[in-house]
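Positions are given from 1, in the same order as the sequence printed here.
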Amino acid sequence: MLYLARRNWRYLVWGILSMIACAGFEGVQFGAIVPLADRIFTNKPIILPTGLPPFLVKYADQLNGMDRNTLFYGVIIIIPLFYVIKGGFGYLKGLFMNTLAQRSVMDVRGDLFRKYQALSMDFYSQKRQGELMSRITNDAGFIGHAISFGLTDIFYQTILAVMFAGIALTISWKMVLIILVVFPLNGWLIHVIGKTVKKQSIQSQESMADLNSILVETNQGVAIVKAFSREQHEIDRFDVLNKKFYRAFIKSIRRSLVLSPVTEVLAALAVVVVFWIGGKYVLEGKMSFGVFALFLSSLISIQRPIKKLAEVYSINQQALASSKRVYDFLDWKPLITDASGAQECRPPDKAIIFNDVSFRYEKDQPNQIIRNFSHQFEIGKVTALVGPTGCGKTTVMNLILRFYDADAGVVSFDDQDIKNVTVASLRSHVGLVTQDMILFNESIRENLRYGKLDATDSELLEAARQALALEFIERMPEGLDTIVGDRGMKLSGGQKQRLCIARAILKNPRILLLDEATSALDPQSEHMVQQALDNLMKGRTVIVIAHRLSTIRHADCILVMERGQILQKGVHDDLLTSSALYAKLASYHFNQ
């Protein structure tokens, strides 16, 4: 926990100082038992054991010489004052430690989110969305709880235990030795039970990640769930995972709760032995009752911080499980990074070149998605990729954007290997419009500005006009300030796609990738979106994937792909007669 709190160490320092002051005033209050019991109420002298420091002996003599009424009224005034001061330091302790906890959680969540943005696409193909959510919400929350309560108690309860032990040792170190016999046994039990708590915590947190995953899936796929009347099926799935989380969490709680009574029983047995020995001292007149009461109270009071520390150990085991899961993500190395000495990418003047490129998404995948793929995508031309599902069309685009790196061969802009340029400068030249119309739950203005963050309203409206989106934006009561809903659910498919095109127009890329951008639309929407795409494609290098003939009929070059390779290339009319596969696709998929 200290490592996680390192960036906010100032709050930790002030928190510890407040704890020391708070514990100190608690100890001074505690010491008032001696004059209260011996001098004020029984009017007997304070009798200290032999061998105590001279300053304590002198202090006791001064109290013995004071008038009991003066002591009585002095205690009445001083004790409430001490409680006020102690309460003030207690407030500061809580304020500093909770601030430390929340700032640390903020830092962890920020680190995780920055890591998510830095990781390459291979990471997202392996991880579930719910699992990513669980790390940044549930696991980070456990860490915050461990810092605000666990770390606070580690310091504060340790200070209290040391203070009470110091009081007891000052009065009679021999009787304290009896208590020390219990500590190693307590420590061993705490360690053994704590290990099982950590194991159960890992299982419960993994179960929570499963719950988050099914929640994300069903929320995103709610239309399919309802269309197929599978509400009960999803409820049953959720119930299974919910019960799994419950069982794992309860196991962890049961083991945590065992610590407190076990440590209390062992400590109570030791206190009974001490009471027997100390009580004999009082009866024999070797120690006054008030001093023995202070000693016994100190020993009993040690139980409270020890009990708390046992609970803290359990909390920390849960936090360690969470921090391990967090750091597993933070330690994940992105496959796509800027090479040492990477240069700014120049926009290609001649071609985007694939030279004998091969690629598979998983290293243990038997078949390559792209095999010995070679082609020069000419600048200023429209190149279309066609072929059956799974032939590698989208993969070609992924490699151009450097979402992934080729296993073999080279992808280059003219003579620039894209692995030797910075990722940001490479992608600044490329625009992407896909069939998966991604919009954020913000206003139309903010969604459009994703293409150019400093765009003015006039630029936004011009881009919307070119994308044929202006007419429906102007019909909306709030215009550009209209909130589109989660993933743009408040808009039709055609409206969402035209906003995506307007966003790409604002970016003004040299190279445009269109991945089946009209495949999910009705004929009327497709017609409008195709017009918007025609506006977007003017003067740009375009690589397009389409299942509809209207999108690629006039392409300058069409690549017919199968099993990751180029079977034939040419223009539409020639391929209809020279390529059986293209003619078949044109007949069935392009509605020829």
Side-chain angles (χ1 to χ4, degrees), residues 121 336 338-339 342-355 357 373-385 393-406 410-435 438 448-456 459-460 462-467 469 497-518 529-546 551-552 554-559 569:
M121 295 296 287
I336 307 301
D338 290 341
Q343 304 293 315
E344 288 290 305
C345 180
R346 302 185 307 274
D349 295 322
K350 298 179 181 178
I352 301 169
I353 303 168
F354 278 65
N355 185 13
V357 172
F373 187 97
S374 295
H375 182 71
Q376 294 191 14
F377 295 90
E378 293 185 45
I379 298 306
K381 304 290 186 180
V382 177
T383 304
L385 307 177
K393 303 184 295 293
T394 300
T395 302
V396 171
M397 293 188 171
N398 288 340
L399 293 175
I400 292 173
L401 280 162
R402 210 181 164 210
F403 286 163
Y404 303 88
D405 279 336
V410 176
V411 180
S412 60
F413 283 13
D414 294 337
D415 59 348
Q416 301 174 96
D417 185 337
I418 63 172
K419 290 183 181 179
N420 297 327
V421 300
T422 62
V423 174
S425 64
L426 165 71
R427 293 174 184 168
S428 69
H429 301 306
V430 184
L432 176 66
V433 180
T434 69
Q435 61 178 328
I438 302 298
L448 293 181
R449 277 186 177 155
Y450 221 73
K452 184 182 178 184
L453 294 177
D454 60 350
T456 63
E459 289 176 308
L460 297 179
E462 176 58 23
R465 185 191 65 76
Q466 292 183 43
Q497 194 62 287
R498 280 178 277 168
L499 286 183
C500 292
I501 292 169
R503 183 171 62 193
I505 289 172
L506 275 170
K507 185 178 181 180
N508 194 25
R510 302 285 190 90
I511 301 160
L512 183 62
L513 308 180
L514 304 177
D515 189 352
E516 303 187 17
T518 62
V529 169
Q530 189 59 54
Q531 283 184 276
L533 287 173
D534 290 340
N535 293 337
L536 176 61
M537 292 164 65
K538 288 176 183 176
R540 292 183 170 89
T541 303
V542 181
I543 301 173
V544 57
I545 297 172
T551 311
I552 61 169
H554 302 298
D556 298 296
C557 179
I558 300 172
L559 306 185
K569 23 177 121 167

Engineer: Give the minimum heavy-atom separation between Val430 and Pro509, together with the two atoms involved.
Structural biologist: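 Result for this residue pair: C-CB, 3.7 Å.
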
Engineer: When you measure from the side chain of Arg449 to the backbone N and O of Ala455, does any donor-acceptor pair fall under 3.5 Å?
Structural biologist: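 Pair found, side chain donor or acceptor close to backbone of Ala455.
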
Engineer: Are any side-chain N or O atoms of Gln466 and backbone N or O atoms of Ala463, one a donor and one an acceptor, separated by less than 3.5 Å?
Structural biologist: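 It does not hold such a pair.
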
Engineer: Please report, to 0.1 Å, the donor-acceptor pairs under 3.5 Å made by any side chain of residues 398-405, with sequence neighbours excluded.
Structural biologist:
unit_1	atom_1	unit_2	atom_2	d
Asn398	ND2	Tyr361	OH	3.2
Arg402	NE	Asp405	OD1	2.7
Arg402	NH1	Thr337	O	3.2
Arg402	NH2	Thr337	O	3.3
Arg402	NH2	Asp405	OD2	3.0

Engineer: Write down the atom of Leu514, the atom of Met397, and the distance for their closest heavy-atom approach.
Structural biologist: O-CE, 3.2 Å

Engineer: Please examine the side chains of Asn508 and Arg540, heavy atoms only from C-beta on, and report whether any two atoms are closer than 4.5 Å.
Structural biologist: yes

Engineer: Out of curiosity, Leu499 CG to Ile505 CD1, how far, rounded to the nearest 0.5 Å?
Structural biologist: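 Here the interatomic distance stands at 11.0 Å.
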
Engineer: To the nearest 0.5 Å, tell me how far Ile511 CD1 sits from Ile379 CD1.
Structural biologist: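 That separation rounds to 5.5 Å.
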
Engineer: Measuring from Leu513:CG to Thr541:OG1, what's the distance to the nearest 0.5 Å?
Structural biologist: 10.0 Å

Engineer: Going from CD on Glu378 to SG on Cys557, what distance comes out if it is rounded to the nearest 0.5 angstrom?
Structural biologist: 7.5 Å

Engineer: Taking atom OG of Ser428 and atom NZ of Lys507, what is their separation to the nearest 0.5 Å?
Structural biologist: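 One gets 7.0 Å once the value is rounded to the nearest 0.5 Å.
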
Engineer: Once you round to the nearest 0.5 Å, how far does NZ of Lys381 lie from CD of Gln376?
Structural biologist: 13.5 Å

Engineer: Which atoms form the tightest heavy-atom contact between Lys569 and Leu559, and what is the distance?
Structural biologist: CB-CD2, 3.7 Å

Engineer: Using every non-hydrogen atom in the two residues, find where Glu459 and Leu506 come nearest and quote the distance to one decimal.
Structural biologist: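 Result for this residue pair: O-CD2, 3.8 Å.
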
Engineer: How are the rings of Phe377 and His375 set relative to one another: parallel (under 30°), tilted (30 to 60°) or perpendicular (over 60°)?
Structural biologist: perpendicular

Engineer: For Asp556, give me all partners under side chain to side chain donor-acceptor pair (under 3.5 Å), at least two apart in sequence or on another chain.
Structural biologist: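 So Asp556 forms no side chain to side chain donor-acceptor pair (under 3.5 Å) with any residue.
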
Engineer: Taking distance alone, no hydrogens or angles, what donor-acceptor pairs closer than 3.5 Å link side-chain atoms of residues 342-355 to residues at least two apart or in another chain?
Structural biologist:
unit_1	atom_1	unit_2	atom_2	d
Gln343	NE2	Gly341	O	3.0
Arg346	NH2	Asp415	OD1	3.3

Engineer: So His554 and Val382, side-chain contact (heavy atoms from CB on, under 4.5 Å) or not? Walk me through it.
Structural biologist: CA-CA 8 Å; His554 302 298; Val382 177; over 6 Å; no

